[in-house]
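On a predicted model such as this, the values are computed, not experimentally measured, just so you know. In what follows, chains carry the letters A, B, and so on, assigned in the order in which the sequence lines appear, proteins first and then strands, with residues in each chain numbered from 1.
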There are 2 protein chains.
Amino acid sequence: MARRQGSHSDITGPRVRAAALRLFARHGYAAVSMRQIAGEVGLGAGALYLYTPDKQTLLFSLMHDHMQELLEKLPAAAPDQDPRARLEAFARFHIRFHLDRPDLVFIAYMELRNLTPENFAVIEAMRRRYEARLEEILCAGELAGEFRIRDVKLTTMALIAMLTGVNTWFREGGRLDREGVEAIYRDLVLKAVGAE
Amino acid sequence: MARRQGSHSDITGPRVRAAALRLFARHGYAAVSMRQIAGEVGLGAGALYLYTPDKQTLLFSLMHDHMQELLEKLPAAAPDQDPRARLEAFARFHIRFHLDRPDLVFIAYMELRNLTPENFAVIEAMRRRYEARLEEILCAGELAGEFRIRDVKLTTMALIAMLTGVNTWFREGGRLDREGVEAIYRDLVLKAVGAE
DNA sequence: GTCTATAGACAGATAGAC
DNA sequence: GTCTATCTGTCTATAGAC
């Protein structure tokens, strides 16, 4: 497709989103102004509105696309597979996905309260679908006698909190590399469900 | 001490702090205006500055007092005691303390980035002192051969993330009461460190 | 101790030139 | 597609009356 020089909308759009993501993660949605975002991309403030109808939609769009990707890339449910293998795969996926997208993970959790009620309901429903997938794995393992779990719902929340916490302390180039982190978390998760 | 009628500074001060806490937790520091806080207490906006020099100090003061109380009430280190009992006590304390102060816990984590660098350093140091107490318990248990832990530092962070997560889902009057929650978390923690 | 008024900066969003 | 100018409203913090 020929495109005249100076038409950069298909590159500027992503740059606006990337700048918004970075700034929202760093300073928080409410503390970041449209002018700051525009400045980061090298635009005037008015030009931003070519790429988003308003600031709220910009935030929602980032969070929504993130949750959608999370649900799409999550290994498909395989009820016939070994629960222990499924749990290991879930933990490994969760860690990798989160370590690869620290800013998105951060705003998806921290900026929930800055969504309009309608937008919040959408994101919240997607988050519950994700949690349900882990809950189902724990249920299957419990039924198969492979796990010993006192409370499946609480354990689901506890494991997700534990795994997501990796983003609060992991720093690239630190004492542990990703494979090391994955292995230790896998170990913790398996022990917590009584699979070791 | 006699006090003339109409002088309410010693009751208004705490009410200002309570209102700020509630609003910061609900909407976020950056999204809450001094006018909102004043309105909640039934004051004009100007009167707030009798109780805090500025908005930032109000936030810092809430977080600082919270962290101080956390460190004060934490069961004293008892290196001669059984590591398993110490770990159980830590987990029970953490859960109770956090369930009793959901708003304070929430802002102490969510509003870190809205602190000035100097204030941030103070709070961060207090947080690390708290984490070090758990780390020391895990170390002692590992040395005594009571725990089997692959990485003490990572496990410290993982356990704290798991325990703190209770605030994201626990609701008074729900399916589980506090004692039930405490028991299940204790179980998860002990299994994760290989003490069961 | 609290109010009202206000200073001075900055917010989100829009209009129209180019 | 982007800029500049601007509308309209809000913000923190202060000053001075009572």
Side-chain angles (χ1 to χ4, degrees), chain A residues 1-24 26-63 107 111 113-119, chain B residues 1-21 23-24 26-63 107 111 113-116 118-119:
Chain A
M1 284 281 258
R3 193 159 38 74
R4 77 173 208 283
Q5 278 191 338
S7 172
H8 293 143
S9 85
D10 55 352
I11 175 80
T12 306
R15 291 221 302 146
V16 166
R17 291 168 59 87
L21 172 59
R22 238 178 53 90
L23 289 170
F24 289 166
R26 191 104 81 215
H27 307 292
Y29 172 78
V32 171
S33 70
M34 293 300 264
R35 282 171 177 80
Q36 274 179 273
I37 299 170
E40 194 88 349
V41 187
L43 290 179
L48 280 190
Y49 293 86
L50 292 167
Y51 303 102
T52 180
D54 51 42
K55 193 185 173 190
Q56 166 72 204
T57 304
L58 186 50
L59 174 65
F60 174 70
S61 159
L62 287 169
M63 292 174 71
I107 69 162
E111 303 299 351
R113 61 185 166 181
N114 285 308
L115 292 172
T116 61
E118 302 77 27
N119 287 342
Chain B
M1 285 280 257
R3 194 158 39 72
R4 76 173 209 282
Q5 278 191 342
S7 172
H8 293 146
S9 86
D10 55 351
I11 176 82
T12 307
R15 291 221 302 145
V16 167
R17 291 168 58 87
L21 172 60
L23 289 170
F24 289 166
R26 192 104 81 213
H27 308 292
Y29 172 79
V32 171
S33 71
M34 293 300 263
R35 279 173 178 79
Q36 274 180 275
I37 299 170
E40 195 88 350
V41 186
L43 290 178
L48 280 189
Y49 292 86
L50 293 166
Y51 303 101
T52 181
D54 50 43
K55 193 185 175 191
Q56 166 72 204
T57 305
L58 187 51
L59 173 64
F60 174 69
S61 158
L62 288 168
M63 292 173 72
I107 68 161
E111 304 298 353
R113 61 185 167 182
N114 285 309
L115 293 172
T116 61
E118 301 77 28
N119 287 342

Is there side-chain contact between B:Leu59 and B:Asn114, with at least one heavy-atom pair below 4.5 Å?
yes
Under-4.0 Å side-chain N/O to phosphate OP1/OP2 contact, A:Thr12 with D:dT2:
yes
Restricting both atoms to N or O, compile the protein contacts to nucleotides 11-18 of chain C shorter than 3.5 Å, with distance only.
residue	atom	partner	partner atom	Å
C:dA11	OP1	A:Ser33	OG	3.3
C:dG12	OP1	A:Val32	O	3.4
C:dG12	OP1	A:Lys55	NZ	3.0
C:dG12	OP2	A:Met34	N	2.8
C:dG12	N7	A:Arg35	NH1	2.9
C:dG12	O6	A:Arg35	NH2	3.1
C:dA13	OP2	A:Tyr49	OH	3.0
C:dA13	OP2	A:Lys55	N	3.1
C:dA13	N6	A:Arg35	NH2	3.3

Any chance you could measure A:Ile107, atom CD1, to A:Leu62, atom CG, to the nearest 0.5 Å?
5.0 Å
Holding to side chain to side chain donor-acceptor pair (under 3.5 Å), I want the full list of residues that pass it with B:Asn119, two or more places apart in sequence or in another chain.
B:Gln56, B:Thr116
Would you please name every residue forming a side chain to side chain donor-acceptor pair (under 3.5 Å) with B:Arg113, sequence neighbours left out?
A:Glu111
At 4.0 Å (heavy atoms only), tell me whether B:Leu50 reaches a base, stays on the sugar-phosphate, or touches nothing.
base
Whole angstrom value for the distance that separates P of D:dT2 from CZ of A:Arg15
9 Å
Which pairs, with at least one residue in residues 29-40 of chain A and sequence neighbours excluded, count as a side chain to side chain donor-acceptor pair (under 3.5 Å)?
A:Arg22-A:Glu40
I need the full list of salt bridge (Lys or Arg N to Asp or Glu O under 4.0 Å) pairs touching residues 43-61 of chain B, with sequence neighbours left out, sorted by first then second residue.
none
Quickly work out the A:Ile11 CD1 to D:dT2 C1' distance and round it to whole Å.
16 Å
